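This is a predicted model, so every value here is computed, not measured. Only heavy atoms go into these numbers, but all of them, side chains included; no hydrogens, no water, no symmetry mates.
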Amino acid sequence: QVQLVESGGGLVQAGGSLRLSCAASRTIFNVNTMGWYRQAPGKQRELVANINSVSSTKYADSVKGRFTISRDTAENAVYLQMNSLKPEDTAVYYCNAVSLGYYGDPHDYWGQGTQVTVSS
C-alpha cells in the first residue's frame, strides 16, 4: 500500500536546516518527476521543488536559494535540503512521484507527509 515514505521533518529554530528524504518503492516503474509539496494550515498545497528524469529542477520562488532538491534514481529516492529556514516554511511536506504508463499517461503517487515546524 505504502509506495512513498518520507522522513526528516521536525522542529527547528529560524535559520536552521533540515533534510527531508523520500524513498519510492522499486515497484514504481518509469518514474519521471519526483518532488516535494507542502501545505500550511488554512492554505492550499503548493509545489516546493521538483526534479525530472534528466535532473532539471524547479523551485517555488519563496524557497529559491535556500532549498536544494536532489535524487538518487537507482534507489528511487528524492531529497530536499532546507537551509535558512523561516517560520513561513512551517507546513506538512509531501513527497510526490509521477510515473508514466504504457501510453505515456501520468500516475501520481503521494507520501503520508512529514511535519516541518520552524520557530521564530
Side-chain angles (χ1 to χ4, degrees):
Q1 285 287 314
V2 179
Q3 295 179 285
L4 295 176
V5 180
E6 303 128 322
S7 63
L11 173 63
V12 298
Q13 291 185 308
S17 298
L18 285 172
R19 184 173 184 262
L20 305 183
S21 299
C22 174
S25 172
R26 296 274 283 178
T27 61
I28 301 177
F29 299 112
N30 301 314
V31 174
N32 183 11
T33 302
M34 299 188 75
W36 294 91
Y37 290 71
R38 68 186 181 188
Q39 187 165 28
K43 295 185 177 181
Q44 292 184 315
R45 185 174 298 187
E46 65 173 348
L47 173 69
V48 178
N50 63 24
I51 182 167
N52 70 11
S53 60
V54 294
S55 298
S56 293
T57 58
K58 181 185 298 182
Y59 294 93
D61 288 341
S62 60
V63 307
K64 287 180 180 177
R66 300 189 297 120
F67 292 9
T68 303
I69 190 168
S70 60
R71 73 188 295 177
D72 183 338
T73 303
E75 297 296 324
N76 266 203
V78 64
Y79 309 93
L80 186 68
Q81 179 66 45
M82 305 185 294
N83 298 326
S84 302
L85 283 162
K86 304 175 180 180
E88 307 93 89
D89 296 317
T90 295
V92 177
Y93 285 69
Y94 297 90
C95 181
N96 168 255
V98 179
S99 64
L100 301 178
Y102 181 80
Y103 298 104
D105 52 312
H107 297 276
D108 280 283
Y109 299 86
W110 293 93
Q112 79 284 1
T114 184
Q115 177 71 46
V116 171
T117 302
V118 185
S119 61
S120 59

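- Both tests hold for Arg19 against Tyr79: distance to the six-membered ring centre under 6.0 Å, angle to the ring axis within 45°.
- Between Asp61 and Lys64 there is a salt bridge, with a side-chain nitrogen of the basic residue lying less than 4.0 Å from a carboxylate oxygen of the acidic one.
- For residues 22-100, the set of pairs meeting the disulfide bond (SG atoms under 2.5 Å apart) definition, not counting sequence neighbours, comprises Cys22-Cys95.
- Heavy atoms only, all atoms of each residue included: Ser17 and Gln81 are closest at CB-NE2, 4.0 Å.
- Across Val92 and Gln115, no two heavy atoms sit closer than the pair CG2-OE1, 3.3 Å.
- Seen from the ring of Tyr94, Arg38 does not count as a face-on cation partner, given the 6.0 Å and 45° thresholds.
- Atom OG1 in Thr57 sits 8.0 Å away from atom CG in Asn50 (nearest 0.5 Å).
- Shortest non-hydrogen contact noted between Ile28 and Asn76 is O-OD1, 3.4 Å.
- Here the shortest heavy-atom pairing between Asp89 and Arg66 reads OD2-NH1, 2.8 Å.
- For the pair Arg71 and Ile51, the tightest heavy-atom approach, listed with the atom from each and the gap, is NH1-O, 3.3 Å.
- Closest approach of Tyr93 to Glu6, counting heavy atoms only: O-OE2, 3.6 Å.
- No path of Ile, Leu, Val, Met, Phe, Trp and Tyr side chains, each step under 4.5 Å between heavy atoms, connects Tyr37 with Leu20, placing them in separate hydrophobic clusters.
- By the side chain to side chain donor-acceptor pair (under 3.5 Å) test, Ser21 pairs with no residue at all, sequence neighbours left out.
- No hydrogens or angles considered: nothing links the side chains of Asn32 and Asn52 as a donor-acceptor pair under 3.5 Å.
- For Phe67 and Trp36, the distance between ring centers is not under 6.0 angstrom.
- Note: the hydrophobic cluster containing Tyr109 also contains Met34 (ILVMFWY, side chain heavy atoms under 4.5 Å, direct or indirect links).
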### Query
Should Glu75 and Thr73 be marked as a side chain to side chain donor-acceptor pair (under 3.5 Å) after you check the CA-CA gap, both sets of side-chain angles, and the distance that decides it?
CA-CA 5 Å; Glu75 297 296 324; Thr73 303; over 6 Å; no

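- Listed for the Thr114 side chain is a donor-acceptor partner under 3.5 Å among the backbone atoms of Gly9.
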